[in-house]
Amino acid sequence: MHSEMEIGISNPAVRQRLARLQRRLAERVRIPSSDGYGPEPGDLLVCMDAQYSGNKAWVTADVHEHGRGHLCTYVCRSEVHLGYASGFLCFREGPLLAALLEGIREILPRQVALLVTDGHGIAHPRRMGLASWIGLTTGLPSVGCAKSPLFRSATTPDPARGSLVPLKADGRVVGSVVRTRTGVKPVYVSPGHLLSIASAAGIVLGLPGNYRLPDPLRRADMAARFAQRGEMAPWMEDLGELPPVLPESLQNLIP
DNA sequence: GCGACAG
DNA sequence: ATCTTGTCGC
């Protein structure tokens, strides 16, 4: 017998159905031409990440209070139900993030104001990156901050921190290539849901930190690695095992 | 056929 | 994401 394996996503028929679902979901995403959500003092910004080992995943949510700082970083363990394939990350990781968000909802002093994820928002072939999926699923504003592009950009931002250049997909501007640290590889920022392209870049550049990844996102990454190794830091809180949250739309498509 | 390809 | 050692640079 073999260990429980994830559902293969290499199957053309499965990919086709999921791609169709992505295009349908993308129609509901709202990206204003300007503004949209903007952080206000006291707002809770949640940055999320996940680490994997086989079909096990350690998922984290770093809670940052805008204008003040770090509150706590939550971690949970989950089972992965779908393999990875470029362009379909939202279906693999989305349900895991949704589970943890559900878990911390009652713990937090107030509602989450914004979500930030590893991976893209609308800077995606079908406008349905991880950030857009979780934003749409939760109804919350969301931003995608990816470490590598899904589309090659013709230009690169100046070496100085803060400089940025438009990120295009098929001639359409869908995000920004942002220099978060002088002389270091840029990150790829795109809105997921309920805010503009400019706002998304502004938010990422507004987050604290002197590394390529903003501190909250970096802390989410660190926490997930710690948890995976069975370690905990004083600023982390373990919520234990939480089952992935599969929306109706996925229950029929994913066994 | 070959290279690309978020995490 | 994960598999892995040393090493160059601020």
Side-chain angles (χ1 to χ4, degrees), chain A residues 3 5-12 15 18-19 22 25-26 29 47-62 75 77-100 115-136 142-154 159-161 167-170 174-178 180-193 200 204 209-214 217-218 220-230 244:
Chain A
S3 62
M5 204 54 221
E6 309 113 25
I7 311 280
I9 197 171
S10 54
N11 183 322
R15 297 173 65 111
L18 292 178
Q22 286 184 316
L25 292 174
V29 165
C47 295
M48 307 190 77
D49 190 32
Q51 293 290 322
Y52 300 90
S53 183
N55 62 336
K56 304 296 182 199
W58 286 261
V59 191
T60 56
D62 184 87
V75 53
R77 236 262 308 231
S78 263
E79 299 258 315
V80 186
H81 68 299
L82 190 68
Y84 170 80
S86 177
F88 299 94
L89 176 64
C90 65
F91 300 127
R92 171 176 165 85
E93 194 162 309
L96 306 183
L97 303 188
L100 182 52
L115 297 175
V116 182
T117 70
D118 241 313
H120 299 91
I122 61 171
H124 179 279
R126 294 170 292 280
R127 298 289 141 69
M128 191 42 61
L130 178 61
S132 292
W133 191 93
I134 194 64
L136 195 59
S142 61
V143 173
C145 182
K147 295 182 292 298
S148 62
L150 227 32
F151 299 106
R152 287 294 158 191
S153 55
R161 170 188 162 83
L167 174 60
K168 296 178 185 174
D170 309 315
V174 292
S176 318
V177 183
V178 181
T180 47
R181 178 173 184 177
T182 301
V184 172
K185 279 199 306 180
V187 293
Y188 303 81
V189 182
S190 60
H193 190 41
V204 167
N210 295 308
Y211 294 89
R212 179 155 96 115
L213 288 185
L217 209 46
R218 189 161 170 271
D221 180 86
M222 292 180 65
R225 292 178 191 279
F226 272 127
Q228 182 179 38
R229 296 169 47 187

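Here is the naming used below: chain letters follow the sequence lines, and residue numbers restart at 1 for every chain. Here the structure is a predicted model, which is why all the values come from computation and not from measurement.
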Outer limits of DNA chain B sitting under 4.0 Å from a non-hydrogen atom of chain A, read 5' to 3', are B/dC5 to B/dG7
Would you find a donor on one side and an acceptor on the other, under 3.5 Å apart, between the side chain of A/Arg92 and the backbone of A/Ala85?
no
Can you tell me the distance, in whole Å, between the CG atom of A/Asp221 and the C1' atom of C/dA1?
10 Å
Once the angle between the rings of A/His120 and A/Tyr188 is folded into 0 to 90°, is it parallel (under 30°), tilted (30 to 60°) or perpendicular (over 60°)?
tilted
Just by distance, do the side chain of A/Arg127 and the backbone of A/Ile122 share a donor-acceptor pair under 3.5 Å?
yes
Check whether any side-chain N or O of A/Gln228 sits under 4.0 Å from OP1 or OP2 of C/dT2, and answer yes or no.
yes
Atom P, compared across C/dC3 and B/dA4: separation rounded to whole Å:
24 Å
May I ask you to check whether over 12 heavy atoms, not counting those of A/Lys56, lie within 6.0 Å of atom NZ?
yes
Can any side-chain N or O of A/Thr182 pair as donor or acceptor with the backbone N or O of A/Arg161 at less than 3.5 Å?
yes
Stem ranges for DNA chain B, with three or more consecutive Watson-Crick or G-U pairs under 3.5 Å?
none
Reckon A/Phe88 touches a base, only the sugar-phosphate, or nothing at all at heavy-atom distances under 4.0 Å?
base
Under 4.0 Å protein heavy-atom contact, by nucleotide of nucleotides 5-10 of chain C - B base, S sugar-phosphate only
------
Would you confirm whether A/Thr180, through its side chain, and A/Arg212, through its main-chain N or O, come within 3.5 Å as a donor-acceptor pair?
yes
Measuring from atom CD of A/Gln22 to atom SG of A/Cys90, what distance do you get when rounded to the nearest 0.5 angstrom?
4.5 Å
Backbone of A/His193 reached by a side-chain donor or acceptor of A/Ser142 within 3.5 Å:
yes
Would you mind reading off the distance between A/Met48 atom CE and C/dA1 atom C1', rounded to a whole angstrom?
17 Å
Tell me whether A/Glu79 contacts the main-chain N or O of A/Pro244 through its side chain, where contact means a donor paired with an acceptor under 3.5 Å.
no
So, the side chain of A/Ser190 versus the backbone of A/Gly121: is there a donor-acceptor pair under 3.5 Å, distance only?
yes
Over all strands shown, is A/Tyr84 touching base, sugar-phosphate only, or nothing at heavy-atom distances under 4.0 angstrom?
base
For A/Ala220 and A/Thr60, the nearest pair of non-hydrogen atoms, with its separation, is O-OG1, 2.7 Å
Spacing between A/His120 atom NE2 and C/dA1 atom C1', to the nearest angstrom
15 Å
Distance between C1' atoms of B/dC5 and C/dT2 (Å, rounded)
16 Å
With a 4.0 Å cut-off on heavy atoms, is A/Gly87 in touch with a base, just the backbone sugar-phosphate, or nothing at all?
base
Tell me: CZ of A/Arg229 to P of C/dT2, nearest whole Å?
12 Å
